[in-house]
Number of protein chains: 2
Amino acid sequence: MARGITRTQIIDSAATLVNTDSFAALSLAQIASQTGIKVPSLYNYVTGIDDVRQALATRGAQEILAVVVQAAVGRAGTAAIMAVAVAYRAYIVHNPGVYTATIQTANPDPAFQHANAELLRVLTQILAPYQLSEPDLIHALRGLRSLVHGFATLEISGGFGMPVDLDASFVQMVQTFIGGISYTTA
Amino acid sequence: MARGITRTQIIDSAATLVNTDSFAALSLAQIASQTGIKVPSLYNYVTGIDDVRQALATRGAQEILAVVVQAAVGRAGTAAIMAVAVAYRAYIVHNPGVYTATIQTANPDPAFQHANAELLRVLTQILAPYQLSEPDLIHALRGLRSLVHGFATLEISGGFGMPVDLDASFVQMVQTFIGGISYTTA
DNA sequence: TGACAAAACTAATATCATTAGTTTACAGTC
DNA sequence: GACTGTAAACTAATGATATTAGTTTTGTCA
């Protein structure tokens with residue numbers, strides 16, 4: 001008996017599985033097989049498959065926050081927005097399963113809520129230089145998230161026919177957005 | 001035995017179920033219960049649950065196409081883009097389950113492919129007046145789809161905190177986009 | 001009326017998640 | 001160094017799922 005499995009290892013295994021296979025196909029049987037224990041033993045570390053899904057969602061939210069913060073430091077204005085958008089999209093493309101968990105899992109975990117709130121705070125800070133009115137700020141925040149989320153999810157689901165020039169399309173889209181809020185300001 | 005169930009009724013039932021409950025929770029047991037027959041009898045009309053999912057996806061694509069075409073007729077330029085975006089979002093918000101099927105189901109059905117191709121053609125026509133270069137046209141198409149898809153999916157998954165002023169946010173976002181492609185042209 | 005096909009059914013199998021109850025392994029104590 | 005208690009693994013069983021096989025019923029048409 002290879003005693004010594006940890007909850008973290010289980011979530012790690014689940015993350016790998018959902019990123020390589022799919023979030024929908026995640027099962028305890030897969031996780032048990034990868035971690036070398038039997039399915040019921042998993043219940044020593046998680047309360048069920050929903051617990052695993054929520055843990056993935058929380059991890060995803062925290063990782064996105066980290067990636068976004070990393071992209072934002074030392075940058076301001078349009079450069080900051082572009083860097084954040086690019087980093088956000090990159091995370092989604094490289095972690096499609098975990099990101100899917102982030103949006104498809106109802107998650108009351110305070111850590112999840114906190115990471116999301118922090119993300120919103122960072123984005124708000126990045127938009128601060130534009131001195132938008134309260135409603136316009138909300139509009140801009142929603143627009144930015146919609147843009148990046150929409151593009152990335154269509155991208156990982158194969159929604160765009162040919163994969164050519166996806167980078168260029170994304171950059172242009174974000175630039176259009178940046179131009180738009182600039183004009184709103186003026 | 002209430003003989004006379006049809007495949008259409010089964011898909012209708014499934015559509016109602018996914019829109020009121022959720023796409024993920026769809027099961028043959030639910031459909032059988034709603035249509036008044038036993039689960040195995042469903043196999044006289046569908047090849048399995050994946051067949052139902054694909055049928056939902058195809059229906060969604062066709063309905064979206066119809067809604068978009070309806071919004072586009074008699075309009076041109078910015079008015080056409082706005083009308084199409086609003087109609088698209090409205091469809092998603094009112095048919096969240098069917099729309100989810102549209103994006104989460106791998107669907108080789110030619111009718112599905114055709115509806116998507118037609119939608120792309122309509123959107124291309126709407127952008128024609130802007131006389132974009134070939135790559136810019138592709139960028140704009142991707143941007144428009146990302147925008148609407150992203151906003152609507154975040155909306156139906158409760159991604160935006162408060163539901164206040166969602167209409168205003170959406171309109172402003174689309175206007176920003178329209179302004180952006182106009183400037184690209186000039 | 002009788003035969004055939006369509007459409008329902010029951011029964012059975014395999015795969016899930018989950019729970020209950022049991023055994024094993026390790027750590028600290030006498 | 002044996003002993004005990006707990007943590008962590010296990011086997012076994014249950015209920016829900018999709019699916020398949022085989023059977024019965026129903027309606028239509030000759």
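In what follows, every chain begins at residue 1, and chains take the letters A, B, ... in the order their sequences are listed.
In this entry the distance linking CZ of B:R7 with P of C:dA7 reads 13 Å, nearest Å. Here the P atom of nucleotide D:dT25 and the CG atom of B:N44 are 16 Å apart, to the nearest Å. Between B:I31 atom CD1 and D:dA18 atom C1' the separation is 12 Å, expressed in whole Å. Here the P atom of nucleotide C:dT24 and the NZ atom of A:K38 are 14 Å apart, to the nearest Å. Rounded to whole Å, atom C1' of D:dC10 lies 13 Å from atom OH of A:Y45. Taking atom CG on B:L42 and atom P on C:dA8, their separation rounds to 9 Å, with Å as the unit. Taking atom CD1 of residue B:I10 and atom P of nucleotide D:dA18, one finds them 13 Å apart after rounding to whole Å.
Of the side-chain N and O atoms in A:S41, none sit less than 4.0 angstrom from OP1 or OP2 of D:dA8.
Remark: B:R89 is positioned above the aromatic ring of B:F170, its terminal NZ or CZ atom under 6.0 angstrom from the ring centre and at most 45 degrees off the axis. A cation-pi arrangement is absent between B:R7 and B:Y45 under the rule of less than 6.0 angstrom and at most 45 degrees off the ring axis.
In this structure, A:H149 and A:Y99 have tilted ring planes: the angle between them lies in the 30° to 60° band.
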- line: Scoring nucleotides 14-20 of chain C by protein non-hydrogen atoms under 4.0 Å (B base, S sugar-phosphate only, - none) yields --SSBB-

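For the residue pair A:Q172/B:D136, the side-chain donor-acceptor check at 3.5 Å is satisfied.
Expressed to the nearest 0.5 Å, how far OG of A:S27 lies from CG of A:D21 amounts to 9.0 Å.
A salt bridge is defined here as a Lys NZ or Arg NE, NH1 or NH2 lying under 4.0 Å from an Asp or Glu carboxylate O, and A:D165 with B:R142 fails to meet this definition.
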